[in-house]
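By convention here, the first residue in the shown sequence is residue 1.
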Amino acid sequence: MATEYERNIGKLINDKYEKLEELRKNQHSNTADILKIEQEIETLRSLFENYNLGMGYFRRARGGRSGLRE
């Protein structure tokens, strides 16, 4: 079960990986641009993991989601 947040962060990560591959293939790309994209990917992955850790606890909590749907 994925939330909209998880799907959107996942999409952003995939987009950044695609851009990173394009920069690595291009011989004229700037090293600073590559490093910037790598840092953005790391930041997005951290956001994704932190969200999943927090939501995992919330989802396991007794009745954690049931109150939201009322």
State, yes or no, whether a side-chain contact exists between Glu21 and Arg24 at a heavy-atom distance under 4.5 Å. yes

For residues Glu42 and Glu38, determine if any side-chain heavy atom of one lies less than 4.5 Å from a side-chain heavy atom of the other. no

Within-4.5 Å side-chain heavy-atom neighbours: Glu40 and Ile37: yes

Do the side chains of Asp15 and Lys19 get close enough for a salt bridge, i.e. N-O under 4.0 angstrom? no

Measure the NZ-CD distance between Lys11 and Glu4 for me, rounded to the nearest 0.5 Å. 12.0 Å

What one should report as the nearest heavy-atom pair of Asn26 and His28 is OD1-N, 3.0 Å

If you take all heavy atoms of Tyr51 and Glu6, which pair is closest and at what distance? CE2-CG, 3.5 Å

Side-chain touch Leu47/Tyr5, heavy atoms, less than 4.5 angstrom: yes

Distance, nearest 0.5 Å, that separates CD1 of Ile9 from CG of Asn50: 11.0 Å

Output the distance between atom CD1 (Ile13) and atom CG (Asn8), rounded to the nearest 0.5 Å. 11.0 Å

Residues that Tyr17 engages under ring-ring contact (aromatic ring centres under 6.0 Å, His included), provided they are two or more places apart: none

So which atom in Ser29 and which in Leu23 form the shortest heavy-atom distance, rounded to 0.1 Å? OG-O, 2.6 Å

